[in-house]
Visitor: 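Quick one: structure below, then a few questions.
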Amino acid sequence: SGVCNALCLEIKASPKVRAFVGEQVLLKCSFKSSSPITESLLVDWTYRPLTGGQMETIFHYQSIPHPTTAGRFKDRISWAGNVANGDASITIQSPVLSDNGTFICSVKNPPDVYHNIPQTVLVVTERGLAFQLSSAALLSILVFLPSALVVILLLVRMGRKFRVLKEKGKCGYKKSSIEESDEPEHSDTAGCGGKLKEWCLNCVDTDEEDPY
């Protein structure tokens, strides 16, 4: 442990990276070394399929990048790092679903050769899947929203009818037999008053025309 404390590199990598089929993906890897960066610095990327199996080297760097010339990643790995800045990242072109798996970035900068072993899990999915889910959600909204509006309108209409019936019921209650009997009385009173007024006017007119 004393040797490791004196001669260790610290490596950092993203624990999980998501990618879409056919779209370039960046696998980040950064490191810190207590020793100056020299041409002896080595970078190795290894890969294990999601289904399991042995690790395979897919990329090697020493002064210049050396991507794999065989296997599933042939002609699809590109160097995206800068060792002078402690960057050992790579990119994968046109990822496919079978690329899902675990990637390990290893850096050695003699005499610093001991380091932690961070792992990056790559998850490749179809972008169309997310679109389909969005379409399904949109379709559900288009189907259920009109139904909800119809229900709301029916409830509002029923509420209005209930209020109208309630008001009609109140009006029917006001027109009781007593009130109905009162209405003619008002009419008769008005009629009598009119007749009385007319009789009084006739009386006045008669007095004026009286020669006596």
Visitor: Does atom CZ of Arg72 have more than 12 heavy-atom neighbours, drawn from other residues, nucleotides or ligands, at distances under 6.0 Å?
Guide: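 Yes, because the 6.0 Å sphere around CZ of Arg72 holds more than 12 heavy atoms from other groups.
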Visitor: Whether the side chain of Asp99 engages the backbone of Val124 through a donor-acceptor N/O pair (distance < 3.5 Å, no angle test) should be reported.
Guide: no
Visitor: Answer yes or no: is there a donor N or O on one side and an acceptor on the other, between the side chain of Asn85 and the main chain of Asn82, under 3.5 Å?
Guide: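 Looks like no, no N/O pair under 3.5 Å.
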Visitor: How are the rings of Phe103 and Phe73 set relative to one another: parallel (under 30°), tilted (30 to 60°) or perpendicular (over 60°)?
Guide: perpendicular
Visitor: Quick one: side chains of residues 19-29, donor-acceptor pairs under 3.5 Å with protein atoms, not counting sequence neighbours, listed by atom name and distance.
Guide:
residue: Glu23; atom: OE1; partner: Arg127; partner atom: NH2; Å: 3.0
residue: Glu23; atom: OE2; partner: Arg127; partner atom: NE; Å: 2.8
residue: Gln24; atom: OE1; partner: Gln93; partner atom: NE2; Å: 2.8

Visitor: With no hydrogens and no angle check, do the side chains of Asn109 and Ser35 hold a donor and an acceptor under 3.5 Å apart?
Guide: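 Checked: Asn109/Ser35 side chains show no N/O donor-acceptor pair below 3.5 Å.
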Visitor: Would a single hydrophobic cluster contain both Ile104 and Phe31, if residues Ile, Leu, Val, Met, Phe, Trp and Tyr are joined by side-chain heavy-atom contacts under 4.5 Å?
Guide: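 Phe31 and Ile104: separate clusters.
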Visitor: Under a 3.5 Å distance rule, please check whether Trp45 uses its side chain to pair with a backbone N or O of Ala88 as donor and acceptor.
Guide: yes
Visitor: Do Tyr47 and Leu50 share a hydrophobic cluster (ILVMFWY, side-chain heavy atoms under 4.5 Å, transitive)?
Guide: no
Visitor: Between the side chain of Asp44 and the main-chain N/O of His60, is any donor-acceptor distance below 3.5 Å?
Guide: no
Visitor: Only counting residues at least two apart or in another chain, list the ones meeting side chain to side chain donor-acceptor pair (under 3.5 Å) with Thr68.
Guide: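 Here no residue qualifies.
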Visitor: For the atom pair OG (Ser34) and CG (Asp112), what is the distance rounded to the nearest 0.5 Å?
Guide: 3.5 Å
Visitor: Is it the case that the side chain of Ser40 and the backbone of Pro110 share a donor-acceptor pair, with hydrogens and angles ignored and the cut-off at 3.5 Å?
Guide: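 Side chain of Ser40 to backbone of Pro110: no pair is present.
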